[in-house]
Structures are given as structure tokens and as C-alpha cells.
Visitor: 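Here it is: the structure, laid out below.
Position 1 is the first residue of the sequence; numbering continues from there. Start at 1 and go down the list; that is how both ligands and their atoms are numbered.
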Amino acid sequence: MKDILNFINGEFVATSKQFEKRTPVDDSLIGMVHEAGQDEVNAAVAAARAALEGPWGKMTVQERTEILNKVADEITRRFDEFLEAECADTGKPKSLASHIDIPRGAANFKIFADVIKNAPTEFFEMATPDGKGAINYAVRRPVGVVGVVCPWNLPLLLMTWKVGPALACGNTVVVKPSEETPQTATLLGEVMNACGVPKGVYNVVHGFGPQSAGEFLTTHQGVNAITFTGETRTGAAIMKAAAEGARPVSLEMGGKNPAIVFADCDIDVAIEATLRSCFANCGQVCLGTERVYVERSIFDAFVARLKEGAEKLKLGVPSDSNTNMGPLVSQEHRNKVLSYYKKAVEEGATVVTGGGIPEMSAELAQGAWVQPTIWTGLDDNATVVREEIFGPCTTVMPFDSEEEVVRRANNTHYGLAASVYTQNINRAHRVAAQLEVGLVWVNSWFLRDLRTPFGGSKQSGIGREGGVHSLEFYTELKNVCIKL
Ligand code: NAD
């Protein structure tokens, strides 16, 4: 059993208050997490401030980005350790984490090192009454100490998606990983030390939200900006905390993402992508589909094929290369998901497949397993059609016209992502333009070019990250005006 420690000013820090980390695969205890209190958070923020004013702040972009490239290489060199830790914490299949979570975790350092080296700023010449003129140019400066609050569904990937650009831009960070998935953030501390990242640039404080490390960090006035991924409700609490001191926030929050399947689609493409978008990572992907609208003429055929695909998914342990689906992240989350399974039936759903707890072998029986589940027979007002569940489940509903389906897809306070399946290119553009979301995929799902803007509209988020868009948050743009 491991001690999972905080990482403050380049040192691994134990505390007297600890909580258990159990793996959702079989509920066995894998480690004790050392919870940071106010003192540890204060120390982490002070270390981050000192590094900002010291070695890190004084480095050239070239020096900084060379170090970040080393960090990416070192993650890749220790790939198996990161993979092991991530799969133990989350229960996700190694086949998934080895081609998404860990490689993207490394890539996030390289891509933002490249972005910052290549991002130009503006230059304007202006006329002045004396005829001599003036010039203006903009320079980017770090925002300072950034508080990074992370969820559990893609722990390393989503954390480095923030830490990569924050560090590339010359900031220092204090990271609060999810209490469910503490290991890879601590492991990254070892990588930072090995690569010569100065002490205090990267800090990790473990704990929970309210009255714990999350709240201590986000209310700390030494933190200049806060970037958060997680539930919309938590984002609102963080925004309130950030109001004190008028500090900027970047919020990536929940979704209730629709897929729209037109009769003129390539059905093989639509089925393959919809199976992934509903069930990958056991449905615990912010971009995942929980509402599928299918044009009536192909509704029955589509449901039959989706059912067939869902029933072929193999639930199992992370190390089994045949596993397509792991457990949910925790017993607590399973209780939440199962309460929605119950609610769907109470509100009149037809359970096409799943709907409960699968039979697992005796040694896995204590794990947080649930069946992949498909419902039909519900209308747009049903609870499971309105609320984010974050499990391997979806409602499939028929529609008759383009205008109707766009209205229904937009009928939510969320606005993260949508998928549209059609072979009619005019329709694809027309529908994409009308969807009130931050990301639209046409004939695919989760195809990500990391240079593109990522984020949600409505209550799914504030701000965009990715490529140069991350610079908007992680730097302050300063204009210098020179009178000639
Ligand atoms: P969560 O909001 O429960 O927790 C996220 C983090 O916030 C955790 O580290 C938690 O400890 C911390 N936290 C909780 N309350 C806090 C408070 N009052 N102050 C400071 N910190 C606090 O989210 P989760 O359950 O870990 O993640 C699942 C959610 O994340 C889903 O809603 C999902 O849609 C969303 N998500 C969104 C994106 C995106 O890019 N939009 C990506 C992944 C996940």
C-alpha cells in the first residue's frame, strides 16, 4: 500500500490527516492520501510565488520550453508507471489509457511549448498630430500563480492540459487533483524534479473541495487565476471564490451532449462513433453522448445495432487487453448512476439493454461495475434526458425534421459538444451553425486537433483552451505605446 503525498517546493510532503484511496475495480485499498490543510496550501502558494519571482520567471522562453519537452519525454520514458497508477485509480482499461490518457498527458507539454514559441503578438503604427507618429506593440506576460483544480475522469490528461500551457507561458502552478485520482499528479512531481524544473514551479496539494484543499486553494489571495474542470455546480462555487480579488477563471464544466443521426448518414460510421461516445471510459467523458436523436425512418434499425454493439462490450480488469469497459470511478458515483437507472424506469423508459449491475466474478464483485444501458420511450422532459449522469447510458429518441431536432438538441442549459451524422454537406454546415455548443463533430466524435479551441457554451464553460486560445487565459497581454 502506498503513501500518496503532496508535492510542495520540490519536496514530497506527508501530513497527519489521511484518507483512503480504493480502486473501483474491486474496492481494495491501494493507498493513503495525505490531505493538505491550510498550512500546506499556504506553503505551496508561497513556493509557487517564489519560483515565479525567482528562477522560472527569469528563464527565457527557449530555456523553459526545452525543460517542458524533457518533461514530456520523461513521462513517455516512465509510461508504464503512469499507466499503472492511472488505471489503478480509475479502473479504466489499459488499452484506453495507453492510447489516450498517458500519451496526451505527455503531448500537452510539447504542444504548448511549440505554441508559445510560435505565437506572435500585435503591432500597430499610428499617426499623431505632430506628424512624428507612434508605434504600439503587445507583449505577453504570465498571469502569475495559477490554481489548477481537476476532475477524476481523465486525470493526467486534463491536468496537463492546464499545467502544460500554464508553465509554457511562464506561470507557476498549484494543482488540486481530484480526491478520487491522486496518484499521477504526485508522480509528475518526480518527473519535474528529474527534468530540472525549479522547485516551486509545480506543486500538488491533495484533498477534497469544501473546507479542504480545493477551497483553501481557490480562496487563497496569493493565487492570481484559477482554472477548473469539473461539475457545473462546483464551477459556480469556484467562480464565487474567485470574485474575491477579482481573479480570472477558466471553467470547463458539465454537458448533456446530443448526437443527431440523420437518415442520410453512413450508418456504420454513426454506430461506431455513437458506441464510443456513449460508452468509452464507462461513459465518464465530459464530451460523451447522453441523448441520441435518430431520424424516424432509421430509428428501429439504429436502436437494434446500438443494442448489439453495447451488448458486445466486454467489462473487465484494466490489464485484460480484451476489456472495452472498466467500472465507474467509485461506489459513490455508482450509487448516483444507479439512481438514474431507477429513475428512468420510474418515468416510463423502455430498457433496451442493461439497466443494472452486471454479474462479475467473485473477486470483482465489490467493484463499481454497471451495465452499459440504452433507453427508449422517453421524451425530452425525462430526468435522464435533462440531467448529466456521467455513466455508460443514453436515451435514444426519434425525430421527424431538421428544424425540430435542432430545437430539441438546444433545449438544455448545457452547451459543451454535439455530434451530427449526415452525408449531406449542406445539412452538416447548416446544423453545425445552429447548435449552441462549443464543439461540433460531423461524422465523428472526440477527434481532437490540440490547436483548436476547446470549451463549452452556456453552463458548460467559460473561456476556451487549446492552441493559442490557452494563451488568452494563461498570459496577460500588455500594450506598449512608443511616441516617436
Ligand atoms: P467535481 O466538480 O465534483 O470535482 C472537480 C474538482 O473540484 C475536484 O478536484 C474536487 O475536489 C474539486 N472541488 C469540489 N468542490 C470544490 C470547491 N467548493 N472548491 C474548490 N474545489 C472543489 O467534478 P468531478 O466529479 O471530479 O468530475 C466530473 C464532472 O466534470 C462532470 O460534470 C463532467 O462533465 C465534468 N468535466 C468537464 C470537462 C470539460 O472539459 N468540460 C472535462 C471533464 C469533466
Visitor: For Glu388, is there an ion pair with Lys256 - N to carboxylate O distance below 4.0 angstrom?
Guide: no
Visitor: Strictly below 4.0 Å, N to O, side chains only: are Asp320 and Lys94 in salt-bridge contact?
Guide: no
Visitor: Relative to the ring of Trp152, is the ring of Phe390 parallel (under 30°), tilted (30 to 60°) or perpendicular (over 60°)?
Guide: perpendicular
Visitor: Around Met239, counting heavy atoms of other residues, nucleotides and ligands shown, do more than 12 lie under 6.0 Å from its CE?
Guide: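 Open.
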Visitor: Which atoms of ligand 1 sit under 4.0 Å from any heavy atom of Gly214?
Guide: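 Close to Gly214: 19 (N), 20 (C), 21 (N).
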Visitor: For ligand 1, does Val149 get within less than 4.0 Å through its side chain, its backbone, both, or neither, judged by non-hydrogen atoms?
Guide: side chain
Visitor: I need the contact type for Phe454 against ligand 1. Using non-hydrogen atoms and a strict under-4.0 Å cut-off, is it side chain, backbone, both or neither?
Guide: side chain
Visitor: Counting only non-hydrogen atoms of the protein, does one fall under 4.0 Å from atom 25 (O) of ligand 1?
Guide: yes
Visitor: Indicate, with yes or no, if the rings of Tyr474 and Phe112 have centres closer together than 6.0 Å.
Guide: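 Distance test on ring centres: not under 6.0 Å, no.
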Visitor: Need the ligand 1 atom indices (1-based, order shown) with element for anything under 4.0 Å from a heavy-atom of Pro177.
Guide: 9 (O)
Visitor: Number the atoms of ligand 1 from 1 as they appear, then name those within less than 4.0 Å of a heavy atom of Leu158, with their elements.
Guide: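 Going through ligand 1 atom by atom, the ones under 4.0 Å from Leu158 are 42 (C), 43 (C).
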Visitor: Could you see which bit of Arg233 sits under 4.0 Å from ligand 1, with heavy atoms only: side chain, backbone, both or neither?
Guide: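 The answer is neither; Arg233 stays 4.0 Å or more away.
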Visitor: Strictly under 4.0 Å, does any heavy atom of Gly456 approach an atom of ligand 1?
Guide: no
Visitor: Leu52: which residues meet the side chain to side chain contact (heavy atoms under 4.5 Å, CB included) condition with it, sequence neighbours left out?
Guide: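 With sequence neighbours excluded, Leu52 shows a side chain to side chain contact (heavy atoms under 4.5 Å, CB included) to Arg49, Val145, Thr172, given in chain and number order.
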Visitor: Can you tell which of Cys286, Gly207, Ser460, Gly288 gets a heavy atom nearest to atom 36 (N) of ligand 1?
Guide: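 Nearest option to atom 36 (N) of ligand 1, by heavy atoms: Cys286.
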Visitor: So, is Asn153 polar-close to ligand 1, with some N/O to N/O distance under 3.5 Å?
Guide: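 No, no N or O pair falls under 3.5 Å.
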Visitor: With under 30° as parallel and over 60° as perpendicular, where do the rings of Phe454 and Trp161 fit, or are they tilted in between?
Guide: perpendicular
Visitor: Enumerate the atoms of ligand 1 whose separation from the nearest heavy atom of Trp152 is less than 4.0 angstrom.
Guide: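 Every atom of ligand 1 under 4.0 Å from some heavy atom of Trp152: 24 (P), 25 (O), 26 (O), 27 (O).
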Visitor: If you count the atoms of ligand 1 from 1 in the order shown, which ones are under 4.0 Å from a heavy atom of Phe228?
Guide: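 Once the distances to Phe228 are compared, the set is 2 (O), 5 (C), 6 (C), 7 (O).
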Visitor: Number the atoms of ligand 1 from 1 as they appear, then name those within less than 4.0 Å of a heavy atom of Glu215, with their elements.
Guide: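 Once the distances to Glu215 are compared, the set is 19 (N), 20 (C).
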